[in-house]
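Read the structure below first, then the notes.
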Number of protein chains: 2
Amino acid sequence: MSQIDHQRYFDCTDCLFKTISCQYIQKDEFEKLRVKSVQLRYKKGEVILKQGAKSTHFLFLRKGIIKFNYEDENGKNLILSINKAPALIGGANLVNAEFNLFSVCAIEDCEGCTIDVSMLTRIALANTLYLFKMLQFITDVFRSSIFNFISLAHKQVNGRIADILIFLSQNIYMNNEFVLSLSRQEFAEFAGCSKENVIHTLRKFHNEGLITVEGKKILLNDPERLQKISKHG
Amino acid sequence: MSQIDHQRYFDCTDCLFKTISCQYIQKDEFEKLRVKSVQLRYKKGEVILKQGAKSTHFLFLRKGIIKFNYEDENGKNLILSINKAPALIGGANLVNAEFNLFSVCAIEDCEGCTIDVSMLTRIALANTLYLFKMLQFITDVFRSSIFNFISLAHKQVNGRIADILIFLSQNIYMNNEFVLSLSRQEFAEFAGCSKENVIHTLRKFHNEGLITVEGKKILLNDPERLQKISKHG
DNA sequence: TATTAAAAGTGTATTATTTCACCTTTTGAT
DNA sequence: ATCAAAAGGTGAAATAATACACTTTTAATA
């Protein structure tokens with residue numbers, strides 16, 4: 001019996017991480033991971049991993065939406081990517097760095113399990129197909145952020161905001177209508193522009209009938225035309 | 001004896017890839033890689049890997065400087081990162097994708113060896129420390145590009161160009177004085193701005209005594225002040 | 001070496017973006 | 001319920017960046 005009784009919020013039976021893991025490793029191997037794992041809940045706004053802190057564990061995110069945030073030397077924030085569950089968070093550091101390069105914050109209430117890095121590494125090293133699967137999980141986050149950056153790097157604000165709207169609709173909320181989890185300030189940190197520019201641009205899109213904005217509620221009326229704006233830059 | 005006699009341009013004795021590999025794998029394992037490998041030379045400007053093409057091999061770059069280039073749907077180019085030898089190129093696709101996400105082009109004359117992906121994968125899967133080392137090699141390229149993107153995403157052109165000058169001086173040419181391998185157009189594709197903006201900004205820095213520009217020859221007179229411009233944005 | 005094409009460079013008009021000084025609305029705490 | 005703080009929003013002035021129409025320089029080659 002463990003000394004500390006960790007609270008259990010949810011049932012592990014149909015856990016995706018377990019399902020995937022057990023395609024590659026034995027149940028008793030997985031059990032070694034499970035007993036070390038702790039269930040956690042995060043409220044919207046909470047920091048899950050802190051930039052610069054030592055990376056002691058991964059988090060398998062089973063529910064919620066998170067942002068990867070980079071704070072620069074002037075205290076300015078940049079959102080590198082937004083991801084929804086399921087995702088393996090903190091893995092950017094498996095191969096690379098000892099310390100977190102970015103912060104990870106909940107932008108909707110989240111649930112997840114810690115996963116012991118050294119144990120996962122040990123098991124993965126002995127099960128290379130599993131290792132590959134984990135690396136795929138991890139690099140997915142990188143890859144998605146690269147394409148955000150390409151948009152940032154050579155499109156103007158109209159195109160970038162169109163891109164973000166399409167991205168959120170297709171990759172995060174899976175719907176043309178959604179309630180934005182980001183403040184206008186955060187939207188600006190994702191789009192790499194000023195808060196005012198975001199507001200003006202959303203208003204313009206709204207007035208042109210492209211989208212309907214009602215506070216945090218956004219409806220994409222004309223995704224095709226939005227695509228055109230994205231393409232055109 | 002092989003059916004095709006591949007030309008040999010350089011000697012493998014002191015190859016870094018061999019040296020590193022043989023810290024992890026047996027000589028006879030490495031030999032399996034070596035016999036499949038072909039020595040190649042690229043002239044400045046040549047495409048080494050083509051975006052969208054199937055990734056059939058890695059390239060161990062033993063000499064030269066390369067750019068990672070992304071061409072968007074409008075034919076606009078973006079330079080994601082610039083790397084110098086030694087580097088393992090094409091590895092972005094080991095874990096991820098079947099097709100090259102980016103092109104890799106020589107911006108100085110290059111020399112390297114092809115490395116058979118399937119053979120390397122097979123050996124690496126059987127030698128997990130080696131696998132880790134290779135993954136480190138590969139993700140290095142990603143990591144360096146992420147920090148370029150952060151600069152791009154929330155600095156203005158002054159800061160971005162200062163960043164690039166510092167980057168080139170410290171990471172590529174290892175000197176305060178260097179002969180730029182990039183055209184002004186390529187510099188602009190790296191900085192995410194127009195060619196004219198690059199020229200104007202370099203001229204301004206020159207007039208302020210920060211740098212000395214003489215065509216492709218650039219001297220950083222005042223790296224500290226350049227750092228300040230970079231920090232300030 | 002004359003010719004041509006490509007790259008570099010310039011100044012200005014136009015457009016895009018940020019900043020600022022506000023005001024309004026929403027939200028959370030007491 | 002009231003207050004304070006945070007977020008959302010606005011329009012206009014100031015600044016930054018691009019596009020354009022050129023000229024000049026450099027490099028390539030017939």
Side-chain angles (χ1 to χ4, degrees), chain A residues 43-46 67 74 76-79 105 107-109 151-164 179-208 211-218 229-230 232-233, chain B residues 43-46 67 74-79 107-109 151-164 179-208 211-218 229-230 232-233:
Chain A
K43 283 246 159 279
K44 178 170 180 159
E46 269 190 274
K67 65 172 177 181
N74 307 314
K76 226 170 137 185
N77 290 301
L78 177 73
I79 296 180
C105 310
I107 58 170
E108 289 296 340
D109 293 356
S151 162
L152 269 177
H154 59 170
K155 287 182 187 175
Q156 292 187 300
V157 169
N158 279 346
R160 307 209 295 256
I161 289 186
D163 271 347
I164 290 176
V179 177
L180 196 62
S181 313
L182 301 167
S183 70
R184 299 297 197 259
Q185 179 58 44
E186 286 177 310
F187 200 122
E189 288 164 2
F190 198 24
C193 66
S194 69
K195 179 195 72 169
E196 292 89 339
N197 207 341
V198 169
I199 295 169
H200 289 155
T201 306
L202 288 178
R203 170 81 26 228
K204 193 177 64 184
F205 286 176
H206 175 97
N207 291 340
E208 289 168 356
I211 63 176
T212 306
V213 184
E214 235 187 284
K216 298 250 169 182
K217 219 171 80 191
I218 294 182
I229 291 174
S230 154
H232 183 262
Chain B
K43 284 245 157 283
K44 179 171 179 157
E46 268 190 276
K67 65 172 179 180
N74 306 313
K76 227 170 136 185
N77 290 300
L78 176 74
I79 296 180
I107 58 171
E108 290 294 339
D109 292 357
S151 162
L152 268 178
H154 59 169
K155 288 181 187 176
Q156 293 186 298
V157 169
N158 280 347
R160 306 209 294 256
I161 289 185
D163 270 348
I164 290 176
V179 177
L180 197 62
S181 314
L182 301 167
S183 71
R184 298 296 196 260
Q185 179 57 43
E186 285 176 311
F187 200 122
E189 287 164 2
F190 198 24
C193 67
S194 69
K195 180 196 71 170
E196 292 90 337
N197 208 341
V198 169
I199 295 169
H200 290 155
T201 306
L202 289 178
R203 169 83 26 229
K204 193 176 63 183
F205 286 176
H206 176 97
N207 291 339
E208 289 168 354
I211 63 176
T212 306
V213 184
E214 235 188 283
K216 298 249 169 183
K217 219 171 79 191
I218 294 183
I229 291 175
S230 155
H232 183 262

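Letters A, B, ... mirror the listed sequences (proteins, then strands); counts begin at 1.
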Using whole Å, what does the distance between atom [atom2] of nucleotide [N] and atom [atom1] of [X] come to?
| X | N | atom1 | atom2 | result |
| --- | --- | --- | --- | --- |
| A/Glu196 | C/dA16 | CD | C1' | 15 Å |
| B/His154 | C/dT17 | NE2 | P | 18 Å |
| A/Arg184 | C/dC23 | CZ | P | 22 Å |
| B/His200 | C/dG11 | NE2 | C1' | 7 Å |
| B/Gln185 | D/dT18 | CD | P | 12 Å |
| A/Glu214 | D/dG9 | CD | P | 11 Å |
| B/Lys43 | D/dA28 | NZ | P | 12 Å |
| B/Asn197 | C/dT14 | CG | P | 19 Å |

If you find the nucleotide of DNA chain D closest to A/Lys195 and the one closest to A/Gln156, which residue's nucleotide is nearer the 5' end?
A/Lys195
Is A/Lys216 near enough to C/dT26 that one of its side-chain N or O atoms lies under 4.0 angstrom from OP1 or OP2?
no
Check whether any side-chain N or O of B/Lys216 sits under 3.5 Å from a backbone N or O of B/Leu182 as a donor-acceptor pair, and report yes or no.
yes
Please check: side-chain N/O of B/Arg184 versus main-chain N/O of B/Ile199, any donor-acceptor pairing under 3.5 Å?
no
Just verifying a value: how many Å separate A/Ile164 CD1 and A/Arg160 CZ, rounded to the nearest 0.5 Å?
8.0 Å
Would A/Lys44 and A/Asp109 pass as an ion pair if we require N to O under 4.0 Å?
no
Please work out if A/Ser194 contacts a base, only the sugar-phosphate, or nothing of the nucleic acid, heavy-atom cut-off 4.0 Å.
base
Given that A/Lys155 and B/Ile199 both sit by DNA chain C, which one's nearest nucleotide is further toward the 5' end?
B/Ile199
Closest approach to the side chain of A/Ser183, judged atom by atom: which nucleotide of C/dT17, D/dA17, D/dA7 is it?
D/dA7
